[in-house]
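Before any comments, here is the structure.
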2 protein chains.
Amino acid sequence: MDGAKRGAGRATTIVDIARAAGVSKSTVSLVLKESPLVKPATRERIMRAIDQLGYVYNRSAASLRTARSSFVGMVISDLMNPFFTELAVGIEDGLHNMGFVPILANTNEDVGRQTKVLQSLREHGVAGIIMSPARGTDVWSLAETLPRSLPMVLTMRRVDGSTLPYIGPDNRTGSREAVTHLINLGHRSIAFFGGYGTMTTQRERISGYRDALIAAGLPLRDELIFESMPTRAGGAESLAAALASPLKPTAAFCYNDIVAMGATRALGLRGIRVGIDFAVIGFDDIVEAEHNAPPLTTVNADTRIMGTRAARSLLGLIDGADPESMSYTGTTRLVVRESCGGHRRETFKETA
Amino acid sequence: MDGAKRGAGRATTIVDIARAAGVSKSTVSLVLKESPLVKPATRERIMRAIDQLGYVYNRSAASLRTARSSFVGMVISDLMNPFFTELAVGIEDGLHNMGFVPILANTNEDVGRQTKVLQSLREHGVAGIIMSPARGTDVWSLAETLPRSLPMVLTMRRVDGSTLPYIGPDNRTGSREAVTHLINLGHRSIAFFGGYGTMTTQRERISGYRDALIAAGLPLRDELIFESMPTRAGGAESLAAALASPLKPTAAFCYNDIVAMGATRALGLRGIRVGIDFAVIGFDDIVEAEHNAPPLTTVNADTRIMGTRAARSLLGLIDGADPESMSYTGTTRLVVRESCGGHRRETFKETA
DNA sequence: CTGAAAGCGCTTACAG
DNA sequence: CTGAAAGCGCTTACAG
């Protein structure tokens with residue numbers, strides 16, 4: 001059902017080249033790992049044989065022997081979401097540079113599939129796993145499918161109660177700054193669009209939203225929070241609900257960019273001018289944000305970099321570093337474009 | 001530099017569970033592959049031991065022995081492009097369903113990196129490779145890095161002179177239909193935007209463009225072809241050049257959707273109404289196309305399905321099917337939205 | 001500086 | 001129906 005012969009007829013191995021070079025396979029192995037122990041002359045002879053016979057190193061055999069794997073599982077919750085694509089590109093790049101190769105799994109937000117995938121990854125002997133957990137992942141199921149000994153880091157989404165290292169942006173601060181910007185622009189009734197309270201990320205972003213309101217002495221009203229799927233359709237839905245609301249919000253801070261894009265488009269369809277009649281801000285700064293109509297004001301989270309940071313943390317874990325020290329919270333930056341109305345210069349901030 | 005111990009202290013193996021169940025490891029191996037040879041009672045005993053000891057199958061060891069791998073290389077030329085993301089999702093899904101796992105490599109259109117990646121994939125013993133070749137890939141470099149015996153299929157982009165199976169959409173027919181639609185709408189000076197003649201895909205799409213013009217008795221003018229990078233920026237650039245052209249095109253058929261989106265936005269920035277003053281059509285029908293402002297008329301190529309077809313073809317190759325029969329040309333469908341002006345019903349077509 | 005030997009965790013004939 | 005033996009392609013002490 002699965003598989004193919006390595007080469008056509010018997011791939012050439014270390015002993016073939018040993019024979020050709022007139023040495024033992026131990027010596028060949030030594031030159032493969034560039035050991036200084038072997039005399040230059042023999043080294044040359046062996047290298048030549050390798051070229052001539054077209055030898056290709058069998059990393060799996062080596063892994064079996066050393067119990068060291070160069071595979072890393074990269075489990076992405078929704079690869080179709082441009083945000084996660086950017087994350088995946090960052091991870092792939094980081095892993096590649098460190099000599100690891102990623103086995104990709106797209107769980108599509110399905111916890112069942114995630115469980116299967118995690119098991120498969122173990123069977124394939126990955127050295128570790130980087131995962132953006134599917135919605136609904138809980139500590140118990142994680143603990144059940146994974147031994148404590150398998151290095152793993154979580155990205156972009158936390159799992160309540162988990163002590164695994166987490167790599168993600170400073171959601172709370174980023175959100176606070178975005179909402180503060182809206183307040184400074186004169187908005188008093190500001191809605192929050194998208195996501196559900198079951199997502200840790202949404203809760204963090206709402207905390208930031210509240211921080212800003214409180215700091216400005218504005219009331220906190222749960223009726224201004226319009227939950228929906230974190231998609232374009234969700235954004236359109238939240239927008240419709242908000243327009244029907246008695247609180248008459250004049251601006252919305254969105255769970256993420258695609259929600260904001262959905263809202264922005266729904267606004268346009270109703271002839272409401274984005275950035276003039278209604279302000280919207282997103283989160284993530286995916287590449288499309290800048291090409292939205294109108295260009296989206298959003299919180300840049302340096303997603304790609306975050307991906308390579310996640311790769312680095314996993315490597316740290318694999319090398320035995322203390323898990324506590326492998327978490328990383330990325331700095332965030334408000335990128336002001338047109339969807340919020342006020343054309344100000346970018347604001348920078350540093351994280352604690 | 002790379003790697004970690006499999007488990008913490010000596011992972012449990014087939015012999016551990018053999019000992020626990022009081023049988024030989026051969027018997028354990030038999031139950032693992034669900035052989036009917038072993039008596040239900042012993043089977044039960046063994047299963048229980050597996051559960052209790054928390055045994056996890058070591059697929060790599062099995063691969064070494066059987067010379068059968070469940071890894072497949074998935075080499076993507078530009079994962080940041082939503083089009084290729086959709087393709088990757090389709091491939092991942094197809095592979096997953098067939099019991100294979102994809103090793104992801106994003107070459108970022110870099111032929112040098114592609115060569116390295118291909119070599120690494122060989123060392124990791126993949127059963128085959130699915131690749132969307134980086135721009136500039138030629139048969140020679142391919143032949144040099146890969147033995148004929150390694151199953152491989154090309155997707156979305158051909159490599160001149162290569163006889164490897166190719167899975168992609170019917171570019172020529174899809175393009176012809178799109179341009180015919182423009183002609184039916186009354187356009188007489190129709191430009192082609194984006195891509196370069198060095199890309200086989202662009203050449204195929206231009207052939208379709210020409211087919212339509214010829215069929216309508218319209219002149220073929222090279223000055224109406226505005227090449228540029230296949231990106232949003234490229235689209236904007238082609239648009240600028242077109243507007244400055246003495247041929248005054250009133251419509252453009254674009255190399256792909258992101259080129260069309262770039263053109264569309266550049267048009268908007270100049271106050272030229274898309275779909276009214278100037279018509280544009282894209283190619284691919286990425287998910288964003290429908291959310292563009294205005295929604296993009298484009299050629300749907302069923303990218304995801306194409307990805308799973310590619311997976312299926314590779315599997316065929318691995319199972320020894322005739323390469324000639326493993327190519328697949330996907331059917332194409334014009335999706336009329338607003339960017340082209342004429343709001344007609346969708347047109348369907350079947351491929352030869 | 002190089003070789004002989006054992007072993008990583010499986011599978012696969014081959015006996016019984 | 002089950003066990004003993006050999007072997008997949010490497011690496012790693014251990015001698016010499």
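Chain letters run A, B, ... following the sequence lines, proteins first, then strands; residues in each count from 1.
The number of heavy atoms from other shown groups lying within 6.0 Å of CZ (B/Arg45) is above 12.
Residues satisfying the side chain to side chain contact (heavy atoms under 4.5 Å, CB included) test with B/Asp322, not counting sequence neighbours, are B/Glu324, B/Ser325. By the side-chain hydrogen bond (donor to acceptor under 3.5 Å, both in side chains) test, A/Ser63 pairs with no residue at all, sequence neighbours left out. A/Ser327 is linked by a side chain to side chain contact (heavy atoms under 4.5 Å, CB included) to A/Pro165, A/Tyr166, counting only residues two or more places apart in sequence or in another chain. Listed by chain and residue number, A/Arg19 satisfy the salt bridge (charged side-chain N to carboxylate O under 4.0 Å, His left out) test with A/Asp16 (two or more places apart in sequence, or in another chain). Residues passing the side chain to side chain contact (heavy atoms under 4.5 Å, CB included) test with A/Thr145 are A/Thr115, A/Leu118, sequence neighbours excluded. Under the side chain to side chain contact (heavy atoms under 4.5 Å, CB included) criterion, B/Ser313 pairs with B/Val153, B/Ile167, B/Met326, sequence neighbours left out.
Taking atom CG of A/Asn58 as the reference point, atom C1' of C/dC8 lies 13 Å away to the nearest angstrom. The nearest whole Å value for the distance from the OH atom in A/Tyr57 to the P atom in D/dC10 is 8 Å. Rounded to an integer number of Å, the gap from A/Asp16 CG to D/dC8 P is 11 Å. In this structure, A/Arg68 atom CZ and D/dT11 atom C1' are separated by 11 Å, rounded to whole Å. Following rounding to the nearest Å, A/Leu53 (CG) and D/dG9 (P) show an atom-to-atom distance of 14 Å. Rounded to a whole Å, the CG atom of A/Leu32 is 14 Å from the P atom of C/dT2. Per the geometry, CZ belonging to A/Arg43 stands 13 Å off P belonging to C/dC1, to the nearest Å. Per the geometry, CD1 belonging to B/Ile17 stands 10 Å off P belonging to C/dC10, to the nearest Å.
Within 4.0 Å (heavy atoms only), B/Thr42 reaches sugar-phosphate atoms of the nucleic acid but no base atom.
Taking the side chain of B/Leu64 as heavy atoms from C-beta on, and the options C/dC10, D/dG9, D/dT11, the nearest nucleotide is D/dG9. Considering only the side chain of A/Arg65, C/dG7 comes nearest among D/dC8, D/dG9, C/dG7.
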Can you check nucleotides 3-5 of chain D for protein contacts, nitrogen or oxygen pairs under 3.5 Å, and list what you find?
from	atom 1	to	atom 2	distance (Å)
D/dG3	OP2	B/Ser24	N	2.8
D/dG3	OP2	B/Ser24	OG	3.4
D/dG3	OP2	B/Thr27	OG1	2.8
D/dA4	N6	B/Ser26	OG	2.6

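Contacts between residues 34-41 of chain A and DNA chain C, defined by a heavy-atom separation under 4.0 Å, are made by A/Leu37, A/Val38, A/Lys39.
Taking OH of A/Tyr328 as the start and CZ of A/Arg312 as the end, the distance is 8.0 Å to the nearest 0.5 Å.
Ring-plane geometry between A/His124 and B/Phe71 is classed as tilted, the angle between the planes lying from 30 to 60 degrees on a 0 to 90 degree scale.
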Below 3.5 Å, can you tabulate the donor-acceptor pairs from side chains in residues 20-42 of chain B to any protein atom, sequence neighbours excluded?
from	atom 1	to	atom 2	distance (Å)
B/Ser24	OG	B/Ser26	N	3.2
B/Ser24	OG	B/Thr27	N	3.4
B/Ser24	OG	B/Thr27	OG1	3.4
B/Ser35	OG	B/Leu37	N	3.0
B/Thr42	OG1	B/Lys39	O	2.8

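Screening residues 85-101 of chain B for salt bridge (Lys or Arg N to Asp or Glu O under 4.0 Å), with sequence neighbours left out, gives A/Arg113-B/Glu92, A/Arg113-B/Asp93. Screening residues 134-161 of chain B for salt bridge (Lys or Arg N to Asp or Glu O under 4.0 Å) gives B/Glu109-B/Arg135, B/Glu109-B/Arg157, B/Arg158-B/Glu204, B/Asp160-B/Arg203 as the qualifying pairs, with residues at least two apart or on separate chains.
With a 3.5 Å limit on both pairing distances and Watson-Crick or G-U wobble geometry required, the stems of 3 or more pairs in DNA chain D span C:1-3 with D:14-16, C:5-12 with D:5-12, C:14-16 with D:1-3.
Distances shorter than 4.0 Å separate some side-chain N or O of A/Lys33 from OP1 or OP2 on D/dT12.
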